[in-house]
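Working notes for the structure below.
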Amino acid sequence: MHASSRAICSRCASQIRSAQTRPFGGGAALFTSLSDAAAGPSNAAAAAAPAAHDKAEGAPRRQPRDYGRGQGAPKRGQGRIPRGGSGFARKTPLGSSEDSAIALFKDVVGPGAETAASRSSPLGELEIAARIKELSASKMDAPERLRAFRRGIWPHLNEFRGRMPKHLLVSSARFLETACDEIAEHGHTGHGVELSRLCGGLGKADLGIRNQLVLNVCHALVFEQRDPAAGCAALMKELTGLWQHISQLRRRSQEHEPLKFAFPSTQDVRRDIAEGRAAKAHVHPTTRALAALFPQFSPDQARDIMPGLLATIAVLSDPRLAGSVEHVAMAPLLNLAAAALGGKEAATESYVAGVFDDGVRFPPEKLARIRSYAARQWPQASEMLRRENAPWRPGSSSSVFAALHKQLRLAYSARDTSSVYSIWQDLKGRLERRPGLAGQLRSNAEFLDFWVFLWCAFRRPENLQETFDLMRRLQIHPTVKTYTGMMHGWKLCKDTDRIEALWRKLAGSGMRLDSVIWTERISSLIEAGKPQAGVEALAEMLARWKEAVEKKAPHTAVQPTIEAVNAAFKGLVQIDRKAAFDVLDWAGRERIEPNVRTYNILIRQSFRDESPDQVQNVLKVMSQHGIEPDSATFTIILEEVIGRTGSASAADQVEAVRLVFQDIQAAGLRPNLETYGKMLYAVSSLAGGTDEAVAAVLEHMRQDGFKVTPHMVTILIERVLSRGPPDMAAIDALLLEHGFSHVGEGDQTLWERVASAGAITGHTDRAMAVFDDLRRAGRPVTSLPCLTDLLWALLAREERGEAQRVVDVVLEHKAGDGSWEGEPKDERYWKHHFWFLAEEGGLLEGRELPDVLRASLRG
């Protein structure tokens with residue numbers, strides 16, 4: 001590792017020493033974490049707007065031009081925060097807001113402005129031809145050449161508006177075909193939909209090219225390593241987009257439409273198949289049936305897409321790669337494929353293998369692999385297409401809201417507004433067609449809370465009102481959590497006026513406000529550009545608490561916590577470091593002690609300020625005050641030392657692990673089992689974390705005389721499951737390597753995760769063996785996520801007897817632990833999706849059920 005990347009050295013320690021001299025609740029003053037922001041404002045806010053705060057944390061630093069309301073001090077008695085040169089009395093000259101707006105405008109519309117300019121002065125034919133030739137001969141890789149073509153050549157080709165000279169049409173088409181070949185050869189992904197649309201823009205509707213692009217994505221899903229955090233989802237999105245565009249090819253009504261499925265109806269497909277039988281065409285009957293999905297192409301032309309179609313169905317039937325969310329997303333394709341293959345035309349394994357032998361344009365070695373995979377997977381694919389209660393079937397309510405919720409999260413993460421609106425329309429349509437779904441939605445209020453947050457973040461007040469109207473019809477009442485999500489959404493779009501208006505209404509309503517929404521208010525005001533108002537809100541929170549205590553009515557107010565202080569500190573430290581530390585000093589005098597998140601924030605900011613040398617000093621202060629680093633601490637340091645890109649070599653990552661342990665020990669923190677568990681989790685969670693880095697942590701631990709714990713093995717199992725495709729053999733090897741051969745060794749969490757892994761990977765026999773061993777040991781599986789994984793897998797494989805046994809064991813255990821007596825211990829347990837899945841599978845019929853479960857299922 002280069003010396004410049006070493007996170008912990010001795011340059012610039014003076015700044016932290018000066019901060020250490022300030023009182024902070026009895027001592028130290030520094031440190032904070034990136035994941036704090038994620039964790040704070042607090043867990044409930046995170047639940048209301050999941051993952052949104054993580055996005056905000058990773059965003060570019062915002063630098064407001066002034067402090068909102070200027071220097072206005074808190075009112076008398078409101079927990080006054082002394083300024084004393086804190087920075088609130090002066091304004092940091094960061095440039096005018098107009099300059100910022102102009103810069104942002106140029107940044108956003110720059111590419112479009114270039115395109116407009118190019119259109120006003122289009123290149124001549126010879127210049128365009130020369131550019132295509134020059135680009136084709138360049139040494140850039142295919143994705144780079146494609147980007148250059150899209151930006152520098154395509155706008156000029158568009159100027160011909162359908163009257164492109166033949167020589168340009170030929171050279172452009174040849175360029176794109178070559179790009180397809182290279183992308184397939186080297187396994188580049190993320191470009192398939194763009195390539196398909198560019199070819200379509202040239203009038204090239206060749207299905208052979210699309211087949212190549214589809215096979216490339218399928219091959220990547222099955223055989224190539226991916227970013228475990230987002231890679232599989234991104235590939236599935238690309239695959240879905242390709243099929244949407246394929247369905248739109250040669251359909252004039254779809255020429256200017258956004259990506260969407262435009263397949264014929266099921267009735268039309270069946271009619272086409274019947275007519276094909278009567279015609280006795282020379283094409284194979286199964287191919288002829290599947291060609292009915294593409295009526296705009298002749299059966300001979302449609303034959304070119306068959307390998308991609310069969311590979312896609314095989315991938316969707318693989319539980320390691322696809323679940324209910326992906327099935328629902330691809331429902332139009334699966335519905336018609338099931339209709340086409342549901343009669344005499346059912347595809348056999350020999351047919352599947354033969355399709356890939358018919359002159360397919362794809363790298364031979366990769367083609368052989370995907371051919372073998374599709375043929376081997378086809379029995380499961382056929383079973384999936386025959387399944388009557390599949391979530392993609394019209395009318396199935398199986399995991400409807402879970403699937404839509406996951407789709408929505410992915411769409412929001414990608415800022416894909418068109419998909420968000422499409423999911424909203426889908427949700428409303430389902431509720432209109434099937435009023436019975438309203439009961440399930442009442443048990444899934446978090447889903448609607450997420451919609452509330454999302455519409456606020458997107459500045460869509462009309463959709464927000466529509467959502468509240470829906471909640472009113474369903475008799476779902478907004479909670480403090482709902483309003484916290486609203487505030488978080490408005491924070492992301494910096495709408496402080498709405499934040500304050502909402503707060504005034506809540507404060508005047510008499511609603512009991514909790515520390516979470518107070519923390520969100522403070523964070524929102526500061527991060528949305530009004531730091532003075534945010535600090536005043538923190539002071540007001542303390543003043544109200546003190547007043548309530550004096551009146552002997554503490555239940556009427558909320559006691560400020562370090563989380564509220566952390567929210568203020570995190571926002572301020574990016575604007576005015578001294579002001580931020582003044583808030584910490586004030587908190588210390590009010591006996592609000594710092595926690596590990598406070599220090600984590602400072603660690604992250606040290607890296608942002610290009611002062612990583614402060615980190616060791618921060619760790620020393622933590623040690624002096626008895627505060628243990630958490631996994632977030634290690635994750636921040638590791639990410640920064642490695643470069644936050646995950647592209648560091650295995651050797652660099654091993655060196656980073658060594659340096660982190662070295663600096664932990666230098667700070668006076670002796671690693672214990674908990675430290676090693678946190679470090680192992682941090683390394684395992686890195687997007688580009690290597691096996692060597694994981695091994696380095698384990699080896700360091702062994703040298704210190706510690707043994708691997710069940711918790712650590714659970715972390716390693718999660719790592720295997722997140723790095724696809726999941727491999728049950730690898731999980732069993734982990735268990736044996738670390739001495740966990742049966743349920744008597746290890747804890748309940750470990751073995752429940754092993755059972756889940758068996759279900760997820762399709763090894764239901766292994767999952768049920770663990771389930772039965774735990775039951776015999778008197779420790780039946782109680783984790784609802786594990787039980788849901790297990791039930792999904794058993795129903796998917798039509799192992800109804802085993803599925804029934806799982807439900808019966810759970811009911812028997814819950815009856816025995818007193819959960820049915822009077823008020824249930826936790827009503828949420830009986831409202832979990834597991835029970836709706838069991839009911840839909842007919843597994844609760846004739847069983848004695850607690851009243852709360854019956855009411856939930858009726859609701």
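FYI, the numbering just counts along the sequence from 1.
- With hydrogens and angles disregarded, no donor-acceptor distance shorter than 3.5 Å links the side chain of S196 to the backbone of G192.
- A donor-acceptor pair under 3.5 Å links the side-chain atoms of Q296 to the main chain of L249, judged by distance alone.
- A cation-pi contact, defined as under 6.0 Å to the ring centre and within 45° of the axis, is absent between R371 and Y373.
- In this view, R147 satisfies the salt bridge (charged side-chain N to carboxylate O under 4.0 Å, His left out) rule with no residue, not counting sequence neighbours.
- Partners of S372 by side chain to side chain contact (heavy atoms under 4.5 Å, CB included), not counting sequence neighbours, listed by chain and number: R376.
- In this structure, F447 has its ring center no closer than 6.0 Å to that of F450.
- Neither side chain, N463 nor Y421, offers a donor N or O lying under 3.5 Å from an acceptor on the other.
- Partners of R251 by salt bridge (charged side-chain N to carboxylate O under 4.0 Å, His left out), not counting sequence neighbours: none found.
- Residue pairs satisfying the ring-ring contact (aromatic ring centres under 6.0 Å, His included) criterion with at least one member in residues 189-209, sequence neighbours excluded, are absent.
- Within the structure, salt bridge (Lys or Arg N to Asp or Glu O under 4.0 Å) contacts touching residues 291-300 (residues at least two apart or in different chains) are D300-R303.
- The one candidate from V222, L235, V193 that meets the side chain to side chain contact (heavy atoms under 4.5 Å, CB included) condition with V217 is L235.
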| task | Under the side-chain contact (heavy atoms from CB on, under 4.5 Å) rule, what do I273 and R288 come out as? Steps first, then yes or no, please. | result | CA-CA 7 Å; I273 292 172; R288 178 66 184 82; 5.8 Å; no
Side chains of residues 305-314: which donor-acceptor partners sit under 3.5 Å, not counting sequence neighbours?
from, atom 1, to, atom 2, distance (Å)
T312, OG1, W243, NE1, 3.0
T312, OG1, G308, O, 2.8

May I have the list of side-chain donor-acceptor pairs in residues 137-145 shorter than 3.5 Å, sequence neighbours left out?
from, atom 1, to, atom 2, distance (Å)
S138, OG, L135, O, 2.9
D141, OD1, E144, N, 3.0
E144, OE1, D141, N, 3.3
R145, NH1, M140, O, 2.5
R145, NH2, E182, OE1, 2.7
R145, NH2, E182, OE2, 2.6

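- Partners of K237 according to the side chain to side chain contact (heavy atoms under 4.5 Å, CB included) rule, which considers only residues two or more places apart in sequence or in another chain, are A414, D416.
- Atom CZ of residue R459 and atom CG of residue L492 lie 10.5 Å apart, to the nearest 0.5 angstrom.
- Of the inter-residue distances, the one linking S171 atom OG with R174 atom CZ reads 7.0 Å to the nearest 0.5 angstrom.
- Defined by atom type and a distance below 3.5 Å, a donor-acceptor pair is present between the side-chain atoms of S317 and Q377.
- Counting all heavy atoms, side chain and backbone alike, P264 lies closest to L293 at CD-O, 3.4 Å.
- A side-chain donor-acceptor contact under 3.5 Å links E125 and H167.
- With H284 contributing its side chain and T286 its backbone, the two residues share a donor-acceptor pair below 3.5 Å.
- Pairing each heavy atom of R210 with each of A205, the nearest pair is NH1-C, 3.3 Å.
- Looking at N216, its side chain does come within 3.5 Å of a backbone N or O of H188 through a donor-acceptor pair.
- Taking every heavy atom of both residues into account, P299 and V283 meet most closely at CB-CG2, 3.9 Å.
- Side-chain N/O atoms of W424 and E466 include a donor and acceptor closer than 3.5 Å.
- Considering all non-hydrogen atoms of both residues, S382 and A347 come closest at OG-O, 4.3 Å.
- Salt bridge annotation for E365-R369: present, with a cationic side-chain nitrogen under 4.0 angstrom from a carboxylate oxygen.
- A 6.0 Å sphere centred on NZ of K133 holds no more than 12 heavy atoms belonging to other residues, nucleotides or ligands.
- Scanning all heavy atoms of the two residues, the minimum distance from C456 to L464 falls at SG-CD2, 3.8 Å.
- The nearest pair of heavy atoms linking D357 to A353 is OD2-O, 3.6 Å.
- Judged as a salt bridge (charged side-chain N to carboxylate O under 4.0 Å, His left out), and not counting sequence neighbours, the contacts of R361 are E177, D181.
- Of the possible donor and acceptor atoms, one in the side chain of Q248 sits under 3.5 Å from a partner among the backbone N and O of P258.
- A side-chain donor-acceptor contact under 3.5 Å links R415 to the backbone of Y412.
- Here Q244 pairs with T240, L259, F261 under the side chain to side chain contact (heavy atoms under 4.5 Å, CB included) rule; sequence neighbours left out.
- With 3.5 Å as the limit, one finds a donor-acceptor pair spanning the side chains of D469 and Q465.
- When the shell of 6.0 Å around CD of E462 is examined, it contains more than 12 heavy atoms from other residues, nucleotides or ligands.
- In this view, R250 satisfies the salt bridge (charged side-chain N to carboxylate O under 4.0 Å, His left out) rule with no residue, not counting sequence neighbours.
- Considering NE2 of H405 and CH2 of W451, their distance stands at 9.5 Å, rounded to 0.5 Å.
- Not one N or O on the side chain of K366 forms a donor-acceptor pair closer than 3.5 Å with the backbone of L215.
- For A322, the side chain to side chain contact (heavy atoms under 4.5 Å, CB included) partners two or more places apart in sequence, or in a different chain, are M236, L316, E326, H327.
- Side-chain contact of Y351 with T287: a donor-acceptor pair under 3.5 Å is present, judged by distance alone.
- One finds the CG atom of L213 at 4.5 Å from the SG atom of C180 (value rounded to the nearest 0.5 Å).
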